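Notes follow once the structure below has been shown.
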Amino acid sequence: MATQLCGSPLIEIKKGSHSCCGGGAATKSSALLQGLRGEAPFDGSQFPRLPWGQSAMDAQHISEIADWIADGAPEFDPEGQSYGLKEKDWKSDTTRVEVVPEAYSDVAKEYAEYSGLVNEYKHQKGELRQRMNIDCMTPPQLEKLRYVFREMYALNSWPQDARSYNNMALIHQNHCQHGWERFLPWHRIYLYEFEQVMQDICPGVTMPYWDWTMPAYMPSKPQDGAIIPPSMQAFLNEESLVFLKGQGIPVKPLEVLVGKRFPSQQKFYAEVEKLIDPKYTAGVYRNRFTDALLDANSLWYPLRYPAEFQDSQKKPSTINKVIHYHYPTADDMEQIMSLRTFRDFGGGSLYNDAYGFMDQNPHNTMHIWTGGMNSYVAPTQPPADRNKAVKVADRQFHKRADLYTQPPNGDMFSNLTASYDPIFWPIHANIDRLWSDWQEMQPHALPEDMDSVMTPWSYTIRDTLKMSRFGYEYVKSTCLLPVGAESPVEGFVSKPIDIEGTVRSSFAKAEVRLHRVPQLPRSCFVRVFLNLQDANANTPIDDSHYAGYLAIFGHGDCIGGPGHCEVPQRGKYDLRPRSHNTPRNHRVDVTKCAKRLFAEGASSIQITLVVVGADYQEEHELLRLDGVSLNFLD
């Protein structure tokens, strides 16, 4: 409502001046309508008619938009009135959400978990945004991710738009680096560049990672596990049934499939054949099912046949027997993480002495595992050259007609097409996460040619060595409790935070973080207790609920005049270092306590902070902070 287009308000509301013709004083000054109607300055004299790059909107729809503006631009239809606009024609702005502290009960004084995306807070505060484990993300987080992918796909309508999914995927086809030391640095940049486009659409979204060694994937017998993350599998929703019914497909028997996940289209159609006539799983009907599945989940991809392999007799088999690769297990990853040289871990500097173990297994294996072999066309044997397994020339990616095809192998099977499958990104995010973990253990193990430039960008290998400079970190899952640093916190107690079973059973580290703590006037300790609401300064630190502490060094009396100790606002050309009074973040490792509580049967965590002064008395008017978060790491 506050957006301006070419100096004029996009939508201007003038209450009380509704026109039954949809074009009265209530709407004349709205730049949106001027642009859609082709009125000055959108008549070609200064700017082309809206929508730019597409056909003009018909008069009926423009009139409906005008009526909507004249009615005050309501978020919902008033009294059941409908403006006849399809969802795809009108999109709400989901990109900027102000993060404010939740009000808490004056009685219980329990701070509530922020219901939005934690990365919205991170974005606003200039902190590292967090890439999370895709299997530990909440439904709202996953829906934002799907929204971003849908928007990037929509940009494919403009072939010259570098932000479109097609153009971002083409970078890998034309420039990807494998088989030597540029493999890891190049893909770190590629992920970053893709993520920047995602965040241009929605600042709170980051690229999640897929930890394929989690128990759900049964690495020792992966064909019996989850195959791929459930969030990336095919499923129908209620809207799917409405669409399919309109295509002449009987949907009543299909109601049992709503919400059920299928790792590939073949498994989905096998289930459909049990419920309705098999004729609906072939030809035009099959294409309409593909439409429905794509519309329900933009992270699903039809040219993907994960875990599906056949022997020479066209019988189902395993990746081990057909391709002679084996799914990466936790033991495999432990061996790779124990390597000590970059040449062994990430690759050497010469092509004839190059392949790093990360590039072989897990990387190559996960490409083959997720690509798979299409049993619908019954390939008789795996291709000798993976890059010749799929059609590349003259192919218009992400046009629906191409997604209806049935190639013998999935796109992930080849490096030339892999990046068109959304699953490519979480796989490579996990590769990058493992490299970052290895870097902490082997900080001096570096590639040899540090100044080589990685096309098509201008980054060098040296530029990629610090992951934090690109503004992200990896966590398994996270939750945020906004507080607000305007006034001291008398006592911090959170509401119980429910922790998913996938997190409770497999995290390696847990941290409580205090965000944006300003310079405090006096020194203090901050003790952290878990699931002990009434903890205070007298609670002994050998209590089983005591999780850890941090020490904050106080500022003391100011030696200067008014404003001397305030944090200065740095201008664009102010080259002085940051003020020593700049608010800081603090971390407390609470792993042992959290694991003990979960082992005892706890399914939620409640955080209590106790502030203890230098005199070992409890402080009630000292601590200020902007927020508290609970983070689990792999």
Side-chain angles (χ1 to χ4, degrees), residues 76-77 82 84-92 94 134-135 137-154 156-157 165 226-306 308 370 372 374-376 397-406 410-411 420-423 426:
F76 302 100
D77 295 340
S82 173
L85 293 178
K86 297 179 181 178
E87 181 180 353
K88 66 179 180 181
D89 294 326
W90 190 260
K91 297 173 183 175
S92 59
T94 62
I134 194 169
D135 289 315
M137 294 172 69
T138 64
Q141 291 169 340
L142 289 170
E143 189 49 46
K144 282 287 183 74
L145 183 66
R146 293 189 178 101
Y147 164 78
V148 168
F149 271 79
R150 286 195 299 268
E151 292 298 293
M152 291 185 70
Y153 291 147
N156 289 340
S157 298
Y165 193 97
I227 308 295
I228 61 173
S231 58
M232 308 199 82
Q233 297 184 15
F235 61 82
L236 298 175
N237 54 28
E238 296 292 344
E239 291 77 12
S240 307
L241 299 184
V242 175
F243 169 77
L244 294 171
K245 183 178 181 180
Q247 304 300 314
I249 297 174
V251 298
K252 187 66 176 177
L254 302 179
E255 292 179 352
V256 296
L257 299 184
V258 172
K260 188 175 180 180
R261 307 301 170 108
F262 298 89
S264 74
Q265 58 171 301
Q266 312 302 21
K267 288 183 169 57
F268 170 78
Y269 289 123
E271 194 73 18
V272 171
E273 286 186 354
K274 298 176 184 177
L275 300 172
I276 58 176
D277 194 308
K279 73 177 183 180
Y280 294 109
T281 65
V284 174
Y285 289 124
R286 189 183 185 98
N287 296 346
R288 299 295 78 79
F289 269 112
T290 298
D291 290 336
L293 295 171
L294 285 167
D295 290 343
N297 184 12
S298 59
L299 301 179
W300 176 70
Y301 191 64
L303 309 185
R304 178 200 298 163
Y305 315 101
E308 296 179 7
T370 51
N374 184 358
S375 60
Y376 189 70
F397 293 98
H398 286 294
K399 292 286 184 67
R400 284 293 170 96
D402 297 291
L403 300 184
Y404 301 147
T405 61
Q406 294 293 329
D411 274 2
Y420 291 94
D421 186 335
I423 207 168

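Predicted model, so just to flag it, every value in this text is computed and none were measured.
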pair Q266-N374: side-chain heavy atoms closer than 4.5 Å: yes

Contacts of F235 that satisfy ring pair (Phe, Tyr, Trp, His ring centres under 6.0 Å) - sequence neighbours left out: none

Side chains of I423 and Y301 in contact at under 4.5 Å (non-hydrogen atoms): no

By salt bridge (charged side-chain N to carboxylate O under 4.0 Å, His left out) - contacts of K274 (at least two apart): E271

Pairwise distance OG(S264) to CD1(I227) - rounded to 0.5 angstrom: 8.5 Å

From M232 atom CE to I134 atom CD1, the distance as rounded to the nearest 0.5 Å: 5.0 Å

Heavy-atom donor-acceptor pair, N297 side chain to Q233 backbone, under 3.5 Å: yes

Flag side-chain contact, heavy atom, 4.5 Å: M137 against K144: no

Pairing residues for Y269 by the side chain to side chain donor-acceptor pair (under 3.5 Å) criterion, not counting sequence neighbours: T290

Partner set under side chain to side chain donor-acceptor pair (under 3.5 Å) for Y153, not counting sequence neighbours: none

Sub-4.5 Å side-chain heavy-atom contact between E308 and P263: no

Qualifying salt bridge (charged side-chain N to carboxylate O under 4.0 Å, His left out) pairs, either residue in residues 280-291, two or more places apart: R288-D291, D291-R400

With sequence neighbours excluded, residues passing side chain to side chain donor-acceptor pair (under 3.5 Å) with N237: S240

Residue pairs involving residues 296-306 (criterion salt bridge (charged side-chain N to carboxylate O under 4.0 Å, His left out); sequence neighbours excluded): R304-D421

For T370, all residues meeting side chain to side chain donor-acceptor pair (under 3.5 Å), sequence neighbours excluded: none

Side chain to side chain contact (heavy atoms under 4.5 Å, CB included) against D277, all qualifying residues, sequence neighbours excluded: K279, Y280

Results of ring pair (Phe, Tyr, Trp, His ring centres under 6.0 Å) for F268 - residues two or more places apart only: F262, F289

Pairwise salt bridge (charged side-chain N to carboxylate O under 4.0 Å, His left out) hits with a residue in residues 237-247, at least two apart: none

Smallest separation among heavy atoms of A292 and F243, with atom names: CB-CD2, 4.0 Å

Nearest non-hydrogen partners of R150 and S298, listed with the distance: CG-CB, 3.6 Å

Show the atom names and distances, to 0.1 Å, of all donor-acceptor pairs under 3.5 Å that link a side chain in residues 247-261 to residues at least two apart or in another chain.
from : atom 1 : to   : atom 2 : distance (Å)
R261 : NE     : G259 : O      : 3.3
R261 : NH1    : P230 : O      : 2.9

Separation between CG of L293 and CH2 of W300, rounded to the nearest 0.5 Å: 4.5 Å

